[in-house]
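Comments concern the structure below.
Fair warning: this is a prediction, and the values are worked out from it, not measured in the lab. Letters A, B, ... are given to chains in the order of the sequence lines, protein chains preceding strands, and every chain is numbered from 1.
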2 protein chains.
Amino acid sequence: MTDEIELPAEVTLLWGLRETARRGRKPSLTVADITRAAVEVADAEGLAAVSMTRVAAQLGNATMALYRYVKSKDELLLLMSDAALDGPPDLPDGVDWRTGLTLWARGVLKVLRRHPWTAQIPISGPPVGPNNLWWFDRALHALGDTGLDEEDKVGVVMGLLTFVHGELRLSIDLSKGYAENPEAFGRQYGMALAQVVDAQRFPALSKVIAAGVFEGEVPYDEEAEGEFGLGLYLDGVAAFIERRTARQG
Amino acid sequence: MTDEIELPAEVTLLWGLRETARRGRKPSLTVADITRAAVEVADAEGLAAVSMTRVAAQLGNATMALYRYVKSKDELLLLMSDAALDGPPDLPDGVDWRTGLTLWARGVLKVLRRHPWTAQIPISGPPVGPNNLWWFDRALHALGDTGLDEEDKVGVVMGLLTFVHGELRLSIDLSKGYAENPEAFGRQYGMALAQVVDAQRFPALSKVIAAGVFEGEVPYDEEAEGEFGLGLYLDGVAAFIERRTARQG
DNA sequence: GCTTTTAAGCGTAACCCATACGCAATTACG
DNA sequence: CGTAATTGCGTATGGGTTACGCTTAAAAGC
């Protein structure tokens, strides 16, 4: 149990397990400070604005000071992507699995929509950050009384996570663009499509355009669209649970 | 119908509709050449290696020559993300919707896994590239005989697309890391988790770890995982189709 | 065919960025 | 107090995007 193996660098970083120095000059910053400043910059000016120089300026320090706390910018990005899942999930207990997972998915989306840049940070490995694992735990918990075995639960949650990540990637930038210029997403988008899509090469799409689907609100409305797909996935999970429990009694 | 509206810049770029010059020096490159070279570089050395300088060198031209064809690097990235969906989808006709969508999803994943960098390109707007729309059309086509109306079809396909994008984002980098260092994903990952996750704060996750789910093959195996979640989603779609057709006869 | 007009090719330079390295400043320990 | 350890950070290197303007090539007009 308490076999001490050498923990990977990312783990010690994300969990704040780097040994603190006893001698020498006192650090004027903490990893948490730096992460917070970087998140502030990203929230305000986008991920592209997050440079070591910019973050250091935000903290009133020189650029190179940051490298005493973080080995590279990639490490900072890793910290940011865990920090983005900030608020601890406050989910009601004792609800059925479907309500639980629905609230969970909405919760993840709500939190991450406040930090739209998360979708642009490349994923470098399996989740090990405390906030990531904390959310993961809550989703597993929601499946507690379904009778699924642990491996199936992980599969279901991974699928849900997959869906949510896709939702983020597809919807966040779109809804941002939509907010800035609604015209371009409604009629204008439909008309541009109509002009460029010919019925021969795109028969099915042409029918959709002809039916006027893209003329009003374009279906990239974040809530409606997310809910629809999410509902479909959860219907599938329900069927899966029934199959499993029917077989095992 | 043929009202000419001014097409957005991205559309004219992606569809090759920029007016060709009649006078002056002949261009020695084409947008397609540049896109192809950029894709080659990204495939071989990753998206980070794609710089205007590097792409120009690939073509034997000077850096600034590219800017006669492309307004910015972002435009080049846009071109790349449409080009990544290269091979036209060769899907069998006359299969039921579920087989069709399953093959479709596998097809998208197969094509995009050959260009893993797509997941890192930020999405800047609704899909307008020819390849994107072509794939979109094929998915809509697969739903042709389900009796769903056009708007529902779009919803189902968007959900599927969401799922596939999430799959890409989560799985590609992971499977790359897994290929490089399988140890880190199996026992080592499980042991690191076990050391860091305490049962009080992460009760559900602790049970999963105790059950040994993370000890063997970690469940980030691309095929198995994708198929499982995909199957769940399609089960949901099946239920939806039944509901809809039952109501409308 | 010569001139004019137009657009492509691209050298230069301005201004970003990440980060290696070394030294100065600061703190704790003996 | 001296010494070792550690942080702060100035400087330098080598990369990146891209604005600008000059040179060069091709077509159009005469």
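If you take CG on B/N132 and OG on B/S81, they are separated by 6.5 Å, rounding to the nearest 0.5 Å. Here B/L140 contributes atom CG and A/F202 contributes atom CZ; the two are 11.5 Å apart, rounded to the nearest 0.5 Å. Between the OG1 atom of A/T35 and the CG atom of A/D82 there is a distance of 9.5 Å, given to the nearest 0.5 Å. A distance of 11.5 Å separates CE of B/M191 from CG of B/L193, quoted to the nearest 0.5 Å. How far CD of A/Q58 is from CD of A/E45: 7.5 Å, rounded to the nearest 0.5 Å. Atoms NE2 and CG, from A/H165 and A/L170 in turn, are 13.0 Å apart once rounded to the nearest 0.5 Å.
Interface residues of residues 22-38 of chain A facing DNA chain C, ordered by number: A/R22, A/R23, A/G24, A/R25, A/K26; criterion, heavy-atom separation under 4.0 Å. Of the residues in residues 70-82 of chain B, not one places a heavy atom less than 4.0 Å from an atom of DNA chain C.
Residue A/M64 is classed as a base contact, given a heavy-atom separation below 4.0 Å to a base.
With contacts defined as side-chain heavy-atom distances shorter than 4.5 Å, the pair A/Q188/A/F214 does not qualify. Residues B/Y189 and A/P127 meet the side-chain proximity criterion, which asks for heavy atoms closer than 4.5 Å. Between A/V50 and A/M80, some side-chain heavy-atom pair lies under the 4.5 Å cut-off. Looking only at side-chain heavy atoms (C-beta outward), A/L76 and A/Y69 stay at 4.5 Å or farther from each other. Residues A/W104 and A/L160 form a side-chain contact, since some pair of their non-hydrogen atoms from C-beta on lies under 4.5 Å apart. Contact of the A/D137 side chain with the B/P203 side chain is registered, since non-hydrogen atoms from C-beta on lie closer than 4.5 Å. Side chains of A/L161 and A/V108 form no contact here, defined as non-hydrogen atoms less than 4.5 Å apart.
For B/D86, the side chain to side chain donor-acceptor pair (under 3.5 Å) partners two or more places apart in sequence, or in a different chain, are B/H115.
Among A/V31, A/L133, A/L79, the one residue that satisfies the side chain to side chain contact (heavy atoms under 4.5 Å, CB included) test with A/L14 is A/L79.
Comparing A/A48 and B/A21 by the nucleotide of DNA chain C whose heavy atom lies nearest to each, the residue mapping closer to the 5' end is B/A21. Both A/T63 and B/R68 lie near DNA chain D, and the one whose nearest nucleotide falls closer to the 5' end is A/T63. Residue whose closest nucleotide on DNA chain C sits further toward the 5' end, between A/T53 and B/A62: B/A62.
From one end of the helix from C/dG1-D/dC30 to C/dG30-D/dC1 to the other, with five pairs defining each end axis, the axis direction shifts by 0° (rounded to 10°).
Boundaries of the chain A contact region on DNA chain C are C/dC17 to C/dC29, first to last in 5' to 3' order (nucleotide atom under 4.0 Å from a heavy atom). Think of the region where chain B sits on DNA chain D: with heavy atoms and a 4.0 Å cut, that region ends 5' and 3' at D/dG16 to D/dA28.
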